[in-house]
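Protein chains get the first letters and strands the later ones, always in sequence-line order, with residue 1 at the start of each.
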Amino acid sequence: MDRAPIDKAYDPAQVEPPWVARWQESRAFAPVPSTNGLPPYVVLLPPPNVTGVLHMGHVLANTLQDVFVRYARMQGRETVWWPGTDHAGIATQKVVEKNLRQEGIDPAALGREAFVERCWEWKAKSHAHIVQQMQRLGWSLDWDREYFTLDERMSRAVVEVFIRLHAKGLIYKGAYITNWCPACRTAISDEEVEHVEQQGKIWTLRYPFADGSGFVRVATTRPETILGDVAVAIHPEDPRASELVGRMLRLPILGREIPVIADTYVDPAFGTGMVKITPAHDPNDFHVGKRHGLESPVVIDPAGVMNALAGPFAGLDRFKARARVVERLEADGLLEKVEAHTLAIGRHDRCETVIEPYLSQQWFVRMKPLAEPAVRAAEDGRVTFYPERWRNVYLHWTRNIQDWCISRQLWWGHRIPVYECVACQHAVAAHAAPPQCEKCGDARLQQDESVLDTWFSSWLCPFSPMGWPEETADLNRFHPTTLLVTGYEIIFFWVARMIMASLEFMGDVPFSQVLLNGIVRDAKGRKLSKSLGNSPDPLDLIANCGADAVRFSTVMLSPPGQDTYFDAKNVETGQHFANKIWNAARLVLTSASTHGFVAELGLEGDAPVTPPAAGAEGLAALWAESFGRPLPAGIETDLRLEDRWILHRYTEAVTTMRRNLDSLRANDAASDLYHFFWDEYCAWYLESIKPRLQSADRATARSAHAVAFVLLSSATKLLAPLMPFLAEELWSRIPGTAGLVITSRFPREIAALRDAASVDRFALMIEAASAIRTVRSERNVPPGKKAPALVQKDTRSGAGLSVEETELLKLHAKLESVEPTAVRPDNAISLLVRDLQIYLPLGGLVDLGAERDRLQRELDKAERDLAALDGKLAKPGFVDKAPAAVVDGERARRVDLADRCDRLRSEIADIAGKGP
RNA sequence: GGGCGAAUAGCUCAGUUGGACAGAGCGCUCGCCUCACACGCGAGAGGUCACAGGUUCGACCCCUGUUUCGCCCACCA
C-alpha cells in the first residue's frame, strides 16, 4: 500500500490538530452502551472558571481524568466525561468591571441589566477560548452534554434546591456578622477567607470610669473599632470581676457610657484580661453582644470607610482612621503602650483585601443536617479518597461545619429566588415572581437583590447537568458518577458540598472515588498565577512541543496528591519520548513495507477478518487481539531468544500498567510504558533484531517483523490514553489495524507470553554486553572497531553460549567473533559475568599488571561480601526467623559468591603465571 | 494552639507489604553524526537515604524524639 514517507523527526504541529476534528466527527467521545457488562464510567469535569485561560493546574488535573476516561473507554465501558464551565461570580464580575473601567465606563452607572449583558459577552468570548484549549489538549469530553453553571437547566435546579432547603428550614436569612470584602463590596463565605500571619501591633488603651475614679486597660489590634464599642468584658472568675462588672466606663473619643460586663469568652491570661466589645465588627464580640443584649452600632460602611457614627473620623478609610484614632488617644493620654504582635489577618482569596467582619443581612444554609450524612459516607467508604489522608481533612471539616453564607452582593450570578411583599414584608421562595403576595394580596413584590455564591450552583454539578429535578435517562444511567479528580484546595468549597447535595437530593453519593492532585507550582515553589507571570499558557507549550508531550510529561511527573514543581523544561521528557516512538515506528514500518512483510504477514486490507480465535496462545493470541486476524503459520516456531524475552517483558508491562491505572497511579503507568518502550523495546529488542530485519533468511526476518509489528501496535494501544494524538496517528499508519485506536480495546495480559527462562538468559546477555562495553569504553577501544572475544564454558553448569546468544553478544558488544575456549589466553582482559568467563584479547591494550590489580580489587570486594554474608548466615536468629525463601536466596547467593571468588583467584594465578 | 505533608545524587523527584548491591529524568564528564531517532547511542562520576535513639535476625521503609521547610484548620482581643 502506498503511504506517505515518514518524516525523520516527529512533528506534532502537523499531526495533532487534524485528529481533534476527526474524533469529533466520529463522535468518539459519546458514551456507547457496553456489551461486556461493565458499569458505566462517568467523570465530571471540574468546570473551569469562565474568567480566563486554562493554566497548568487544569492541564494536570484534566489530563489525569482524560487518561482514566480513555482507559475506561478502551475497556469497553460506557464512558462519559462531562464538560462544563463555571460562571465564577466574583471573579468574572471583577474582570468585567475592570474591562469597563478601561473603556472609561463606570460599572455601577451602567446598571444591573446592561452589566450582566456585558458579562455574557465576556463569557462567550472566554468560553470559546477555553473550549479550544481543552480540545487542543485532546481531552475526550462529550461536548454534546456541555453545560454552563448559569444556564437555564442549571438555574432550574438551583432554584429548586433553594426552595426545598428553604421549605425545610435549612436556608435562613438574618443579620449576622459575615466576612465582608470592602473592595468587592460583598459578603463572602468563611472558606473564601485566607488567613495570613503577619507582624502587626497591639495597643493597650485606657478606658476611664464614667465617675472619673480611674480607668481600666484593654488591649486591641484594631483601635478604629473603638468607635463601635458597646462594652468592656472581663472573665467572670477574674478576681477583679466582682468589683468591676456593672460599673460604667466612658468610651474614649466619643464619650458614650458603656458598661463592664462578664463573659467567659475573655481569656484572663491574655493582654490585660479585658476586652473591648464591638459587636458589629468582630465575630466574637458579635456573639458576646447577643448574649448580653447589647446594641451593634455599625461604624464602617461597605466600602471600608468610617461612617457617620464614627464621629470625627467619618469619611476616613478604616486604616487611615486607625492611625488617627491612635494619635487622638495618645493626645488624650489614653494610649498606654504599643507592642509588636503577630496576628493572622483574614484576606479575601480573590483580591487579597483585608476582610472586614461586618454585620449585614445575609442568607445562610444550615449545614449540620446536610453534613452528617456526608460524614457517614466517607466513614463507611461509600466515598474513598486518594491519597487516603485527604479523608481526614474532609472529615475534620464536615464534622466541625459552620453555616454557609450563600448570598453575594453582586450582579453576576443566580439571583436569590425570594420575593418580598413591599406592603407586608412577607417573603416567598419561588421559581418565578408570584402575581401577588399570598398573605396580603399586594401585587408589589420585589426580588431579593443579592445573588447566590457560585458554589451554590456548582455543588449540584453531579446531577443538575443531567436534568435534575426531572428524572432523565442520563440521571438514571450516570448518577452516581465514578471518579472525581480535582485539586485538594477545593475539598471544602466543592467536593464536600457535592457529597452533601447528592446525598440530600439524590439519596446517593455523587461519586465513589475522589483523586486529589497537588498544586502545580513553578520551579521556585510558588503557586502559578497570572499576576506573578509564572504561569505558562498551555497553548504556547503545545505550540512548541505538542499536546501529547505536555500531557505525558505532566502526568508522568506528578505523583498523586503531591504538589508538582513545573518547569517548561520538563515537557522535553514527553517530547523526546514522542520522537523516540515515532522513530521506532518508522524503523518497523519502513522495514516491513520495504521487505514485503506487510503482505506476507497478512496485514493488507483494512478490514479485520474475525474476532480473535479462541484458545490461541502466546503470540497468536496477541496477534489476534491486535489485528483481528490469524497469525500466519510457522512464526511461533521461529521465535528467538530476544522475541521470547520482549514478549515476556511486554505482558509484564501490560500487567503493571493496568494495575497502576486501576489504582489511579497514572504517573507510574506512564513510567511503566516509558521504560518498556524505550529501554526494552527500542534499546534492546529493536537493536537485537536489526540484522534479522534485513536478513536473507525469510523465516527469521518474518518472525522478527511479526513480533516488532505486533508489539508496535500493542504499544500504540498502551500509549493511547497518555498520548492520544501520536497513538492515533501511528494506528492509522500501522497496516492491519482498523478503526480508531481510542475506541479499540486496551491490551490485556497474556499469560502464555511469559517465559522466565528466556528472560533470565537475555538478562545475562545484557549484563555481559554491558560489561564488555564498559571495558571497551575504559580502554578507549574505538566504537567502530570489532574485537574478538573468547568465552569459557561455565564450569558449574557446563553450559556454553547458544548460537542465538553468541549472535546477540556479538551484536551488542560489537564483537568480531565469540569463540569458546578452555584456557585463559595471553593478553586478555577477563570479565566474570555471573557464570560466564569472558576473555577479551585486546592485545597491546592489555596491561597485565593493571589487569591483575583490577581483578584483585574485584576479589577483595567479593571476599568482603562473602564474609558479610557468612556472618549473616551464621547468626542463629537469621536462619531461624527469616522466611525460608529469604534464607534460601541468601544461601544461593553464597554459593555464587564463593564460586566467583574461586574464579577470580584462579584468574589472578593465571596472570601471575603468564605475567612479565 | 491543633493537624497534615515533605526532608533520598548538583536539581526535580520515585522507592506500593521491612529482606543483598540505593533508582529515574534533567544536569555534569568522556567517547560517538553506528544505515529509526543527536529530541539520539555507549560509558562514567555523583548519595552517612535530615539528625538522635529504639524495635527487629535484618530498617531508606516501622516506633519515639529532635531539627528544617511547606500546607491546612482554629474566635485569643
Side-chain angles (χ1 to χ4, degrees), chain A residues 6 8-10 195 202-203 218-222 225 233 265-267 269-278 282-288 341 343-344 357 387 389-390 392-393 396-397 400 488-489 491-492 518-519 523 525 545 549 553 556-559 561-567 569-570 572-573 575-591 659-660 663 665 667-668 671 674-675 682-683 686-687 690 694 770 773-778 780-784 812 814 861 865 868-869 872-873 875-883 885-887 889-890 893 897:
Chain A
I6 309 177
K8 182 167 160 174
Y10 176 56
H195 292 273
I202 186 164
W203 289 265
V218 298
T220 182
T221 53
R222 301 199 52 201
T225 61
Y265 148 68
V266 182
D267 175 0
F270 187 87
T272 63
M274 299 190 80
V275 186
K276 62 194 257 333
I277 300 299
T278 321
D282 183 280
N284 300 311
D285 295 6
F286 175 75
H287 294 295
V288 173
H341 184 67
L343 64 170
R389 66 192 146 91
W390 293 112
N392 296 329
V393 175
H396 181 259
W397 187 77
N400 298 288
Y488 59 73
E489 74 274 14
I491 291 177
F492 309 143
I519 293 171
C545 311
S553 306
M556 181 157 144
L557 299 171
S558 299
Q562 210 76 289
D563 288 358
T564 313
Y565 293 82
F566 180 82
D567 190 325
K569 178 120 185 103
N570 293 343
E572 289 181 5
T573 304
Q575 192 190 1
H576 293 177
F577 187 45
N579 189 59
K580 187 73 182 175
I581 295 170
W582 181 257
N583 275 287
R586 193 156 77 97
L587 170 68
V588 173
L589 296 179
T590 309
S591 178
R659 194 177 55 224
N660 282 323
S663 48
R665 302 173 66 105
N667 59 322
D668 289 337
S671 239
Y674 186 91
H675 288 114
C682 290
L686 290 184
E687 291 303 328
K690 271 181 181 174
Q694 355 204 340
S770 301
R773 286 170 179 174
T774 301
V775 167
R776 292 177 57 113
S777 182
E778 281 170 1
N780 298 319
V781 178
H812 291 292
K814 293 251 168 70
K861 170 151 185 2
D865 290 351
L869 194 50
K872 186 173 183 180
L873 286 163
K875 263 197 204 167
F878 176 69
V879 181
D880 296 346
K881 293 185 186 169
V886 174
V887 176
E890 295 294 68
R893 219 183 108 218
L897 215 43

Whole Å only: how far is the [atom1] atom of [X] from the [atom2] atom of [N]?
X: A/Asp880; N: B/rU56; atom1: CG; atom2: P; value: 15 Å
X: A/Asp267; N: B/rG1; atom1: CG; atom2: C1'; value: 12 Å
X: A/Asn780; N: B/rU29; atom1: CG; atom2: P; value: 18 Å
X: A/Asn392; N: B/rG5; atom1: CG; atom2: C1'; value: 12 Å
X: A/Arg776; N: B/rC32; atom1: CZ; atom2: P; value: 13 Å
X: A/Trp390; N: B/rG5; atom1: CH2; atom2: P; value: 9 Å
X: A/Asn400; N: B/rG2; atom1: CG; atom2: P; value: 16 Å
X: A/Ile491; N: B/rG3; atom1: CD1; atom2: C1'; value: 13 Å

Report yes if the side chains of [X] and [Y] come closer than 4.5 Å at any heavy-atom pair, otherwise no.
X: A/Leu587; Y: A/Lys690; result: yes
X: A/Leu869; Y: A/Glu890; result: yes
X: A/Asn667; Y: A/Arg665; result: yes

Rounding to an integer number of angstrom, what distance separates [N] and [M] when you compare their [atom1] atoms?
N: B/rU55; M: B/rG65; atom1: C1'; answer: 15 Å
N: B/rG5; M: B/rA77; atom1: C1'; answer: 32 Å
N: B/rG18; M: B/rC62; atom1: P; answer: 8 Å
N: B/rC60; M: B/rA14; atom1: C1'; answer: 12 Å
N: B/rA6; M: B/rC13; atom1: C1'; answer: 12 Å
N: B/rG31; M: B/rU68; atom1: P; answer: 46 Å
N: B/rU67; M: B/rC21; atom1: C1'; answer: 31 Å
N: B/rC33; M: B/rU16; atom1: P; answer: 42 Å

* Asked: Please walk me through it: do A/Val588 and A/Leu686 pass side chain to side chain contact (heavy atoms under 4.5 Å, CB included)?
  -> CA-CA 9 Å; A/Val588 173; A/Leu686 290 184; 3.9 Å; yes
* Contacts of type side chain to side chain contact (heavy atoms under 4.5 Å, CB included), residue A/His396, not counting sequence neighbours -> A/Asn400
* To do: List for me each residue that meets side chain to side chain contact (heavy atoms under 4.5 Å, CB included) alongside A/Ser770, sequence neighbours excluded, and say none if there are none.
  => A/Trp684, A/Ile766
* Asked: Would you say the side-chain atoms of A/Asn583 pair up with the backbone N or O of A/Lys8, donor to acceptor, closer than 3.5 Å?
  -> yes
* Under 3.5 Å: donor-acceptor pair, side chain of A/Asn579, backbone of A/Tyr10 -> yes
* Do any side-chain nitrogens or oxygens of A/His341 fall under 4.0 Å of OP1 or OP2 in B/rA77? -> yes
* **From CA spacing to verdict: side chain to side chain contact (heavy atoms under 4.5 Å, CB included), A/Val393, A/Tyr488** => CA-CA 9 Å; A/Val393 175; A/Tyr488 59 73; over 6 Å; no
* To do: Evaluate the side-chain hydrogen bond (donor to acceptor under 3.5 Å, both in side chains) criterion for residues A/Arg389 and A/Asn392: first the C-alpha distance (whole Å), next the side-chain angles of each, then the deciding distance (0.1 Å), finally the verdict.
  => CA-CA 6 Å; A/Arg389 66 192 146 91; A/Asn392 296 329; over 6 Å; no
Is [X] touching bases, backbone alone, or none of the nucleic acid, heavy atoms closer than 4.0 Å?
X: A/His812; answer: nothing
X: A/Val266; answer: base
X: A/Val275; answer: base
X: A/Phe492; answer: sugar-phosphate

* Structure fact -> The salt bridge (charged side-chain N to carboxylate O under 4.0 Å, His left out) partners of A/Lys814 (sequence neighbours excluded) come to none
* Asked: Going by the angle between their ring planes, with limits at 30° and 60°, are A/Trp397 and A/Phe492 parallel, tilted or perpendicular?
  -> parallel
* I would like to know whether A/Glu778 and A/Asn780 meet side chain to side chain contact (heavy atoms under 4.5 Å, CB included); could you show each step before the answer? => CA-CA 5 Å; A/Glu778 281 170 1; A/Asn780 298 319; over 6 Å; no
* Structure fact -> Heavy-atom contacts, protein to nucleotides 35-48 of chain B, under 4.0 Å, summarised as B (base), S (sugar-phosphate only) or - (none) per nt, yield -BBSBSSSSS----
Taking only nitrogen or oxygen atoms into account, show me every contact under 3.5 Å that the protein makes with nucleotides 15-25 of chain B, one pair per line with its distance.
from, atom 1, to, atom 2, distance (Å)
B/rG15, OP1, A/Arg665, NH2, 3.1
B/rA20, N3, A/Arg893, NE, 3.2

* Watson-Crick or G-U stems of RNA chain B, 3 or more pairs, under 3.5 Å, by first number -> B:1-7 with B:67-73, B:10-13 with B:23-26, B:28-32 with B:40-44, B:50-54 with B:62-66
